[in-house]
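Below: the structure, in structure tokens.
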Amino acid sequence: MRKLSFLPLLACMLVACGSDALIGEPENVLSQQVYVLPSGASLSNDNRSHYVIGDTIYLEANQTYKFYAGYTLNDEPVNEASSLYASLLWELDGQFFNIESFQYAFTSSGIKKGFLETVDLYGDTVRTHFEVLVNTPNRIQLEYPANGYNQVERNNEKGIPLRWKTEGLDPWETAYCTIYASDEKDDIWTSSLGTTDCNNNISLKGIVNEDLPSNTVYWAVSMLVTNDAGKGYTTTTDVFSFTTKTEEQSLLTIPVIYRGFPYDQTVNTEIILTNAAGDTLQVVTNSESHSEIQVPVEAQTGLHIYARDISRPEYTANKQEVDIPKSTAITASTIYFTDDIPPQLAPNKTSAAHSDTIYFNVIDMGSGVNPAKIRVTSGSDNLTYSFRNSLLAIPNPCKYSCSIVIEGEDYANNPFPNTYWVLENINEQVVISGPFLREGF
């Protein structure tokens with residue numbers, strides 16, 4: 001983050017004397033200013049007056065800036081000033097330049113000295129000194145408790161120590177840290193606990209909810225860095241979490257996610273826990289496709305977690321094995337249910353009256369058919385249809401004989417079979433045959 005986008009520096013006064021051809025009467029005054037602009041920006045008469053003049057500028061390392069020599073004559077900006085002086089010279093960070101503007105990037109942090117020197121046609125010299133404070137990139141990282149740490153004591157009278165590490169603070173910068181903590185991750189940045197000097201040690205108290213067997217706390221820190229000129233910016237940490245120990249049994253949390261499943265529909269998940277010997281310990285059911293299932297368990301090694309959906313056999317999940325420490329809240333790896341089986345099509349009847357609507361059963365035992373993805377065509381024509389309760393109804397489009405293609409997919413993006421069906425009108429009946437593979441697709 002740039003701490004300064006555009007700042008002109010100290011203005012020094014150069015009094016010209018003598019030639020009317022140069023600047024007119026002796027009382028005319030030529031002033032010089034040093035401007036620093038972002039790379040690619042330009043200086044105009046309209047934007048000069050918006051910025052405060054000073055002799056110190058704060059810039060970032062490894063970013064390119066444009067240094068610009070600006071001149072005014074009797075406080076009026078001069079766009080073409082080369083006729084008003086004999087020479088000019090910049091010195092910046094030990095390097096010299098003799099042009100009005102140039103681009104420069106500082107490759108290291110620290111205090112950099114510079115000046116702009118202008119000599120008029122009569123040998124009078126004025127020099128503007130300035131310094132650039134090049135900032136070290138700032139960073140803050142959370143250190144303790146480590147992310148996911150689950151051995152925090154519930155009844156620690158001294159509180160839970162919170163520790164972080166800052167990097168890159170320069171002598172001209174001060175840093176204050178705001179601590180955020182919440183039992184809801186989505187509320188973390190609206191749950192400020194207060195602000196302190198970033199060098200202070202902080203302990204968190206009062207986090208235990210006695211109504212819960214264990215508490216998970218999410219926490220983060222934002223750091224406001226301000227320089228001596230009052231310019232500041234904020235950087236934030238990642239969000240960490242830690243969990244208190246349980247008083248009796250351990251607490252196992254099992255995240256469950258159904259991939260490609262509509263949020264507004266329910267599932268019929270069954271979680272089976274067995275010990276290392278294969279004995280069933282618990283069976284837990286759940287109806288939400290995105291959920292966290294919490295189960296109290298005894299400490300043990302080799303606990304097996306099996307998952308299935310009783311109503312949707314096309315959804316499958318891999319088993320897991322986890323060790324359960326004593327009096328600990330632990331979260332297993334997320335169980336992902338996936339549906340990799342495409343829907344299947346079959347005529348409700350292989351023949352019907354010529355004037356009747358024909359029907360296809362669309363069979364899917366996983367995520368379900370997405371009605372918005374269904375498309376029925378005959379040749380280049382899109383056909384009308386209706387779809388309800390897994391039954392696709394299509395008015396007979398054929399006068400004699402034709403083929404139809406039924407395209408679509410389920411919510412898990414498994415496509416319908418790449419086939420077509422043939423309809424033939426024989427003796428006042430429409431006869432359906434197929435499916436046939438669509439070649440070239």
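Heavy atoms only: backbone and side chains are in, while hydrogens, waters and symmetry mates are out. Note that this is a predicted model, so its numbers are computed, not measured.
- Within 6.0 Å of the CG atom in Asn318, the count of heavy atoms belonging to other residues, nucleotides or ligands does not exceed 12.
- In this structure, Glu321 does not pair ionically with Lys319, as no charged nitrogen and carboxylate oxygen lie closer than 4.0 Å.
- The CG atom of Leu133 sits 8.0 Å away from atom CG of Asn227, with the distance rounded to the nearest 0.5 Å.
- Residues Leu273 and Val295 meet the side-chain proximity criterion, which asks for heavy atoms closer than 4.5 Å.
- Atom-to-atom distance recorded for Thr285:OG1 and Ile272:CD1 is 11.0 Å, nearest 0.5 angstrom.
- Residues Ser367 and Tyr258 fail the side-chain proximity criterion, which asks for heavy atoms closer than 4.5 Å.
- Closest heavy-atom contact between Tyr65 and Glu60: OH-N, 3.1 Å.
- Within the 4.5 Å cutoff, the side chain of Pro145 has heavy atoms near those of the Trp219 side chain.
- Distance alone, capped at 3.5 Å, places no donor-acceptor pair between the Glu100 side chain and the Glu80 backbone.
- Two rings, from Phe242 and Tyr218, have their centers 6.0 Å or more apart.
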**Request:** Kindly determine whether Arg375 and Asn382 satisfy side chain to side chain contact (heavy atoms under 4.5 Å, CB included), including the steps that lead there.
**Result:** CA-CA 7 Å; Arg375 180 170 177 256; Asn382 290 317; 3.2 Å; yes
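- Using a 4.5 Å heavy-atom threshold, the side chains of Leu169 and Thr136 count as separate.
- In this structure, Glu91 does not pair ionically with Lys112, as no charged nitrogen and carboxylate oxygen lie closer than 4.0 Å.
- A pairwise comparison of heavy atoms in Ala220 and Ile188 identifies N-CD1, 4.1 Å as the closest pair.
- Using modelled atom types, no side-chain atom of Asn150 and backbone atom of Ile330 make a donor-acceptor pair closer than 3.5 Å.
- Taking both residues in full, the closest heavy atoms of Pro137 and Ser109 are given as CD-OG, 4.4 Å, listed atom of the first, atom of the second, then distance.
- The main-chain N or O of Gln141 is never found under 3.5 Å from a side-chain atom of Thr237 such that the two would form a donor-acceptor pair.
- To the nearest 0.5 Å, the span separating CG on Asn200 from OH on Tyr176 amounts to 9.0 Å.
- Applying the side-chain contact (heavy atoms from CB on, under 4.5 Å) test between Leu383 and each of Ile406, Val376, Val405 identifies Val376 as the sole match.
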**Item:** CA sep, side-chain torsions, deciding dist, call: Met223, Thr166, side chain to side chain contact (heavy atoms under 4.5 Å, CB included)
**Value:** CA-CA 9 Å; Met223 178 174 66; Thr166 60; 3.7 Å; yes
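- Judged purely by atom type and a 3.5 angstrom limit, Asn275 uses its side chain to pair as donor or acceptor with the backbone of Asp279.
- In summary, the side chains of Thr118 and Tyr71 do present a donor paired with an acceptor at a separation below 3.5 Å, with no hydrogens or angles considered.
- Between the OG atom of Ser289 and the CG atom of Asp309 there is a distance of 10.5 Å, given to the nearest 0.5 Å.
- The main-chain N or O of Asp170 is found under 3.5 Å from a side-chain atom of Glu173 such that the two form a donor-acceptor pair.
- Within the 4.5 Å cutoff, the side chain of Asp228 has heavy atoms near those of the Tyr58 side chain.
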**Asked** Checking side chain to side chain contact (heavy atoms under 4.5 Å, CB included) for the pair Glu167/Asn138: CA distance, chi angles, key distance, verdict?
**Response** CA-CA 6 Å; Glu167 298 176 354; Asn138 299 132; over 6 Å; no
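- For the pair Arg438 and Tyr420, the cation-pi criterion (under 6.0 Å, within 45° of the ring axis) is not fulfilled.
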**Request:** Show the numbers, then the answer: is there a side chain to side chain contact (heavy atoms under 4.5 Å, CB included) between Phe360 and Ile404?
**Result:** CA-CA 12 Å; Phe360 283 83; Ile404 63 171; 4.0 Å; yes
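- The cationic group of Arg163 does not satisfy the cation-pi geometry with Tyr144, failing either the under 6.0 Å distance to the six-membered ring centre or the 45° limit from the ring axis.
- Side-chain contact check for Thr178 and Ser192: no donor-acceptor pair (N or O, by modelled atom type) lies under 3.5 Å.
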**Request:** Report the C-alpha separation of Thr328 and Ser250 in whole Å, then their side-chain angles, then the decisive distance to 0.1 Å, and conclude whether the side-chain hydrogen bond (donor to acceptor under 3.5 Å, both in side chains) test is met.
**Result:** CA-CA 5 Å; Thr328 298; Ser250 295; 5.0 Å; no
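- The shortest distance between side-chain heavy atoms of Pro255 and Ile257 does not fall below 4.5 Å.
- A donor-acceptor pair under 3.5 Å links the side-chain atoms of Gln300 to the main chain of Glu298, judged by distance alone.
- At least one side-chain heavy atom of Ile374 sits under 4.5 Å from a side-chain heavy atom of Tyr385.
- Minimum interatomic distance between Ala86 and Asp120 (heavy atoms only, all atoms of both residues): CB-O, 3.5 Å.
- The shortest non-hydrogen separation linking Val132 to Leu59 is CG1-CD1, 3.7 Å.
- Side-chain N or O atoms of Glu409 include none that pairs as donor or acceptor with a backbone N or O of Asn370 at under 3.5 Å.
- Under the 3.5 Å distance criterion, with hydrogens and angles disregarded, no donor-acceptor pair is assigned to the side chains of Gln103 and Thr64.
- Counted by atom type alone, Thr125 and Glu117 present zero donor-acceptor pairs between their side chains at under 3.5 Å.
- Looking at Ser83, its side chain never comes within 3.5 Å of a backbone N or O of Ala81 through a donor-acceptor pair.
- Summarising the geometry, atom CZ belonging to Arg312 is positioned 13.5 Å from atom CD1 belonging to Ile341; distances are rounded to the nearest 0.5 Å.
- Note: Tyr104 and Phe106 meet the aromatic proximity criterion, with ring centroids under 6.0 Å apart.
- You'll find the ring centres of Phe96 and Trp90 outside the 6.0 Å limit.
- Of the possible donor and acceptor atoms, one in the side chain of Asp323 sits under 3.5 Å from a partner among the backbone N and O of Gly302.
- For Ala181 against Leu193, the heavy-atom pair with the smallest separation is CB-CD1, 3.6 Å.
- Side-chain contact of Thr216 with Thr243: a donor-acceptor pair under 3.5 Å is present, judged by distance alone.
- One finds the CZ atom of Arg259 at 12.0 Å from the CZ atom of Phe337 (value rounded to the nearest 0.5 Å).
- In this structure the side chain of Ile305 reaches within 4.5 angstrom of the side chain of Ile335, judged on heavy atoms.
- When only modelled atom types and interatomic distance are considered, Asp187 and Ser182 share no side-chain donor-acceptor pair under 3.5 Å.
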**Prompt:** Could you walk me through whether Gln32 and Thr128 pass the side-chain hydrogen bond (donor to acceptor under 3.5 Å, both in side chains) check?
**Reply:** CA-CA 8 Å; Gln32 71 175 20; Thr128 301; 2.6 Å; yes
